[in-house]
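Step one of this worksheet: look at the structure below.
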There are 2 protein chains.
Amino acid sequence: MGDQLKLFGSWGSPFSVRVENALKLKGIQYEYFEEDLSNKSPLLLQYNPVHKKVPALVHNGKPIVESLVILEYIDETWKGNHPILPQDPYEKAMARFWAKFVDEKCMPALSKTIWSMGDQYEKDKAEAVKLLRVLENEISGKKFFGGESIGLVDISANFIAYWYRGPLQEALGLDVFTKDEFPNLWKWAEDFVNDSVINQNLPPKEKLIAAFPPPYLGEHLVAFFKSRLASSQVGG
Amino acid sequence: MGDQLKLFGSWGSPFSVRVENALKLKGIQYEYFEEDLSNKSPLLLQYNPVHKKVPALVHNGKPIVESLVILEYIDETWKGNHPILPQDPYEKAMARFWAKFVDEKCMPALSKTIWSMGDQYEKDKAEAVKLLRVLENEISGKKFFGGESIGLVDISANFIAYWYRGPLQEALGLDVFTKDEFPNLWKWAEDFVNDSVINQNLPPKEKLIAAFPPPYLGEHLVAFFKSRLASSQVGG
């Protein structure tokens, strides 16, 4: 009551969308400010002086940054609807472990496959596949990572479930996260993106493809993608 | 009561010592198993199959790994003595933010200065100094990062307060974290390592220097240190 909640985000950033996912799942009202990542607002720089990045959540004037930190803050502050972390300390530790694994291991490894070609691509693919196998094993027998409803790990892995699996792989012709190789993880990803709340809260595929490289990867990728397309046409 | 608590650690690892710091501050009894990092025990590999690293805390048969995840687990499970995280959700978010900053930014940047020489060292030093300035600013006016008593951020920054500031800088002749440049952070580091509990729970300096490179940095550093020493002798 009387809470003022502002989110400074970027529509194409999975980190930013993580926070929107959580707020929407909990049914929390907030005011959204779209940042131009090539010309960040003075407010964003004021709220996140250390990293100068989206997302920044500002609650009654107080800023919280780093998406995983924000997700925990949201869950602790609005305990009611749709818990994002489990209550049990051990289960909570497991959720934190897997979210960290997604953030620190899987996302960098998958991102590498976007950059690389030829032998390097095969190497990077092998590493990414190894990490996805760990997730494939972990999700086996469960609907979501935390059980029956969407939680911290699922939200943290939105890049895998949506950005990477769909638009990125298709546009770039990658074959890393495939349905054949990862049936359980594929099913999880479908359940996640088809969730009635999440579904309303993901950037449209066409808009993402048109805007590649996604803002969070930086503009220097434009040249790379162009050369990749050119060389695949020449080679193909 | 009836709790069985085992810690698989390595005496020279700041990550491992973080967990010991927290358990000792809270006065929790545990059984300690020293791991040989060049020949890890089957139990460690069983408890941490994903990362295969120390520390691993095993509570009544259930493993928790990743030092920051373990610290939060300890604080949630043994709420009584010496809270490690603040209770207020906003203060808690701030503690998590700074612990993450230390882990993901400061430690890699400081570690780089250990590896590099000449112009590269000057570049790496400049980056590390920039990050330490952020901490210098944050600690200004406070005894510890969380206030009057040692908390999550202080424990997470034990590498900066002890390993790096003392043994590493001295043995390698580095001039990154100096008292002149960082008076507040230096005072904080002294208060931290002189705390009556922490003080009993840090690896002896001579033992660390004799064992350089620290186990967590890998054996390939041995050759580097030898060449560094050789070239500095040649260079006069």
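The chains referred to below are lettered A, B, ... by the order of the sequence lines, with proteins before strands, and numbering in each begins at 1. Heavy-atom basis, side chains included; hydrogens, waters and symmetry copies ignored. These figures come from a predicted structure and were not determined experimentally.
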Taking non-hydrogen atoms and a cut-off under 4.5 angstrom, which of residues 41-55 of chain B neighbour chain A?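 Expected list: B/Val50, B/His51.
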
Just checking B/Trp186 against B/Phe177, ring centres under 6.0 Å apart?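 Judged by ring-centre distance (under 6.0 Å), B/Trp186 and B/Phe177 do meet the cut-off.
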
Test: A/Lys40 and A/Asp36 ion pair at under 4.0 Å: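 No salt bridge links A/Lys40 with A/Asp36.
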
For chain B, find its close neighbours in residues 59-90 of chain A: heavy-atom separation under 4.5 Å, sorted by number, or none.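 A/Lys62, A/Pro63, A/Ile64, A/Val65, A/Glu66, A/Leu68, A/Val69, A/Glu72, A/Tyr73, A/Glu76, A/Thr77, A/Pro89, A/Tyr90, listed by number.
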
Just to be sure I understand the criterion: a residue of residues 134-154 of chain A counts if one of its heavy atoms is under 4.5 Å from a heavy atom of chain B. Which ones qualify?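 A/Val134 fall under the 4.5 Å cut-off.
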
Could you tell me whether the side chain of [X] and the main chain of [Y] form a donor-acceptor pair under 3.5 Å?
{"X": "B/Arg18", "Y": "B/Ser156", "result": "yes"}
{"X": "B/Gln169", "Y": "B/Val176", "result": "yes"}
{"X": "A/Asn21", "Y": "A/Ile155", "result": "no"}

Quick one: pull up CD in B/Glu190 and CG in B/Leu185 and give me the separation to the nearest 0.5 Å.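 Going from CD on B/Glu190 over to CG on B/Leu185, the span is 11.0 Å.
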
Do the ring planes of A/Tyr32 and A/Tyr30 sit parallel (below 30°), tilted (30 to 60°) or perpendicular (above 60°)?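 Correct class here is perpendicular.
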
In terms of the angle between their ring planes, are A/Phe101 and A/Trp98 parallel, tilted or perpendicular, with boundaries placed at 30° and 60°?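 Perpendicular: the ring planes of A/Phe101 and A/Trp98 meet at over 60°.
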
Side-chain donor-acceptor contact under 3.5 Å, [X] with [Y]:
{"X": "A/Ser116", "Y": "A/Asp124", "value": "yes"}
{"X": "A/Tyr164", "Y": "A/Ser111", "value": "no"}
{"X": "B/Asp180", "Y": "B/Thr178", "value": "no"}

Contacts of type side-chain hydrogen bond (donor to acceptor under 3.5 Å, both in side chains), residue A/Tyr162, not counting sequence neighbours: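 Partners of A/Tyr162 by the side-chain hydrogen bond (donor to acceptor under 3.5 Å, both in side chains) criterion come out as none, since no residue qualifies.
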
Kindly determine whether A/Lys123 and A/Asp119 satisfy salt bridge (Lys or Arg N to Asp or Glu O under 4.0 Å), including the steps that lead there. CA-CA 6 Å; A/Lys123 270 185 210 162; A/Asp119 286 351; over 6 Å; no

